[in-house]
Amino acid sequence: MTVSPRPVVELSGVGKRYGEVTALSGADLTVHRGELLAVVGPSGSGKSTMLNIMGTLDRPTTGTVRIGGHDVAGLTDRELSALRASTIGFVFQQFHLAPGVPALDSVADGLLYGGLPRAERRRLAERALRRVGLGHRLYHQPHQLSGGEKQRVAIARAVLGDPPLLLADEPTGALDSRSGAVVIELLYELHRAGTTVVVITHDRDIAASLPREVRVRDGRIEHDSALPGAGAAASAPVPVLAAGEGTR
Ligand SMILES: Nc1ncnc2c1ncn2[C@@H]1O[C@H](COP(=O)(O)OP(=O)(O)O)[C@@H](O)[C@H]1O
Ligand SMILES: [Mg+2]
């Protein structure tokens with residue numbers, strides 16, 4: 001069957017050098033709509049570099065990056081920002097919430113440049129906060145929230161405009177395991193609702209539990225559970241999601 005939906009992200013031969021350091025090299029990765037995949041690997045292996053390039057926050061030194069079919073090399077910085085704003089939500093290990101600002105405004109401010117009136121921004125923000133289970137924390141400031149709650153505020157902000165792609169860089173890295181599990185469950189919910197989710201983790205259990213696992217080491221993709229033949233080399237049991245070709 002060659003019914004292959006247009007990939008959300010396509011990296012081909014992507015490399016990134018920072019001066020003498022080769023952070024990423026020869027990365028080939030295709031992410032289809034609706035996937036939930038883990039990127040796992042030791043510290044310094046190039047995970048964030050790859051995610052930042054996927055998110056067009058950074059440009060590669062070599063290779064091609066396509067987002068929703070657009071070769072991003074052909075886009076100006078301004079076009080890139082527009083593509084990013086309409087397509088990609090980001091979540092990081094640090095929550096990046098401004099001190100003293102209530103959750104509702106932290107989230108609503110994500111829409112500041114969209115030209116919507118404040119009341120409408122806040123209405124959408126409230127909806128996003130309810131979606132992440134924080135309907136009872138709308139007016140709490142960061143110092144009144146637990147780590148897990150702060151990360152859920154950050155996720156609400158990231159999904160506010162319903163971006164088709166959510167990129168999360170170690171979203172559980174600063175959380176205890178219980179709060180981390182809540183955040184992972186939330187990513188699952190977004191995935192079930194149709195969002196494509198790429199999550200970096202150094203937690204091998206989390207990575208192995210997701211439908212697809214990509215392992216990075218020394219700037220190279222050393223394993224992708226979606227590729228044919230990957231199962232044989234896998235050291236952990238890998239759930240198979242239609243071998244990379246999404247059926248939805
Ligand atoms: N902006 C930068 N300038 C110089 N070196 C960098 C920069 N970003 C990352 N690196 C280097 O690239 C390598 C990969 O980093 P990174 O992608 O952050 O790894 P990971 O997220 O897997 O911990 C590391 O050696 C890191 O020190
Ligand atoms: Mg990193």
Side-chain angles (χ1 to χ4, degrees), residues 8-31 35-67 72-73 77 80-81 84 88-97 147-148 150-152 154-155 157-158 163 165-177 179-181 183-184 186-187 196-210 212-227 230 233-236 238:
V8 179
V9 177
E10 270 177 295
L11 305 183
S12 25
V14 165
K16 180 74 183 180
R17 277 190 312 276
Y18 293 106
E20 299 291 286
V21 177
T22 300
L24 193 65
S25 165
D28 295 316
L29 185 74
T30 302
V31 181
E35 280 201 278
L36 168 59
L37 75 88
V39 175
V40 67
S43 179
S45 57
K47 305 182 298 296
S48 295
T49 299
M50 189 165 84
L51 202 83
N52 291 343
I53 290 173
M54 288 169 91
T56 75
L57 293 173
D58 210 350
R59 291 183 187 265
T61 317
T62 55
T64 310
V65 180
R66 285 197 176 77
I67 305 295
V72 304
D77 284 343
L80 218 48
S81 317
R84 198 156 53 225
I88 309 175
F90 294 93
V91 179
F92 300 98
Q93 177 172 337
Q94 303 307 329
F95 320 114
H96 299 300
L97 300 179
K150 279 186 256 201
Q151 190 58 297
R152 281 147 71 193
I155 292 172
R157 188 176 51 193
L165 176 62
L166 183 68
L167 302 177
D169 191 342
E170 308 245 17
T172 66
L175 303 179
D176 61 85
S177 58
S179 309
V183 163
I184 294 294
L186 190 53
L187 297 182
T196 307
V197 182
V198 180
V199 52
I200 291 181
T201 175
H202 59 244
D203 185 322
R204 298 190 63 104
D205 292 336
I206 291 177
S209 74
L210 298 194
R212 179 178 173 192
E213 182 185 13
V214 170
R215 289 188 217 139
V216 180
R217 180 179 292 274
D218 296 334
R220 294 191 167 272
I221 294 177
E222 62 162 14
H223 173 86
D224 181 347
S225 67
L227 295 181
S235 57
V238 177

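All ligand and atom numbering here is 1-based and tracks the order in the structure. All of these numbers come straight from a predicted model, not from anything done at the bench. Computation of the quantities below employed the complete heavy-atom set of this structure, encompassing side-chain atoms and omitting hydrogens, waters and symmetry-equivalent molecules.
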- Task: Ignoring hydrogens and angles, tell me if any N or O in the side chain of Ser225 forms a donor-acceptor pair with the backbone of Glu213 under 3.5 Å.
- Result: yes
- Item | Ion pair Lys47/Asp169, N-O distance below 4.0 Å | no
- Distance below 4.0 Å between atom 7 (C) of ligand 1 and any protein heavy atom? yes
- Task: Number the atoms of ligand 1 from 1 as they appear, then name those within less than 4.0 Å of a heavy atom of Ser45, with their elements.
- Result: 19 (O), 20 (P), 22 (O)
- Side-chain donor-acceptor contact under 3.5 Å, Ser45 with Arg217: no
- Query: Taking the side chain from Thr201 and the backbone from Asp203, do they hold a donor-acceptor pair closer than 3.5 Å?
  - Reply: yes
- Message: Are any of the N/O atoms on Ala23, whether in the backbone or the side chain, positioned under 3.5 angstrom from an N/O atom of ligand 1?
- Response: no
- Considering only the protein, which heavy-atom contact is closest to atom 19 (O) of ligand 1, and what is its distance? Gly46 N, 3.2 Å
- Is there an N/O/S atom in Thr49 that lies less than 2.8 Å from the Mg ion (ligand 2)? no
- For Asp28 and Ser12, which heavy atoms make the closest approach, and how far apart are they? OD1-CA, 3.3 Å
- Write out the residue and atom name of the closest protein heavy atom to atom 18 (O) of ligand 1, then the distance separating them to 0.1 Å. Ser48 CB, 3.7 Å
- Can you tell me which residue and heavy atom of the protein come closest to atom 26 (C) of ligand 1, and the distance to 0.1 Å? Val21 CG1, 4.9 Å
- For ligand 1, which atoms have a heavy atom of Ser43 less than 4.0 angstrom away? 23 (O)
- Short list, please: which atoms of ligand 1 are under 4.0 Å from a heavy atom of Pro42? 22 (O)
- Where is the nearest protein heavy atom to atom 9 (C) of ligand 1: which residue, which atom, and how far? Tyr18 CE1, 3.5 Å
- Note on the structure: When distances are taken from atom 20 (P) of ligand 1, the protein heavy atom at minimum range is Gly44 N, 3.5 Å
- Donor-acceptor under 3.5 Å (Glu170 side chain, Phe92 main chain): no
- Task: Examine distances only and state if a side-chain atom of Thr62 and a backbone atom of Gly15 form a donor-acceptor pair shorter than 3.5 Å.
- Result: yes
- Message: If the threshold is 4.0 Å, N to carboxylate O, is there a salt bridge linking Asp77 and Arg59?
- Response: yes
- Item | Closest protein heavy atom (residue, atom, distance) for atom 16 (P) of ligand 1 | Thr49 OG1, 3.7 Å
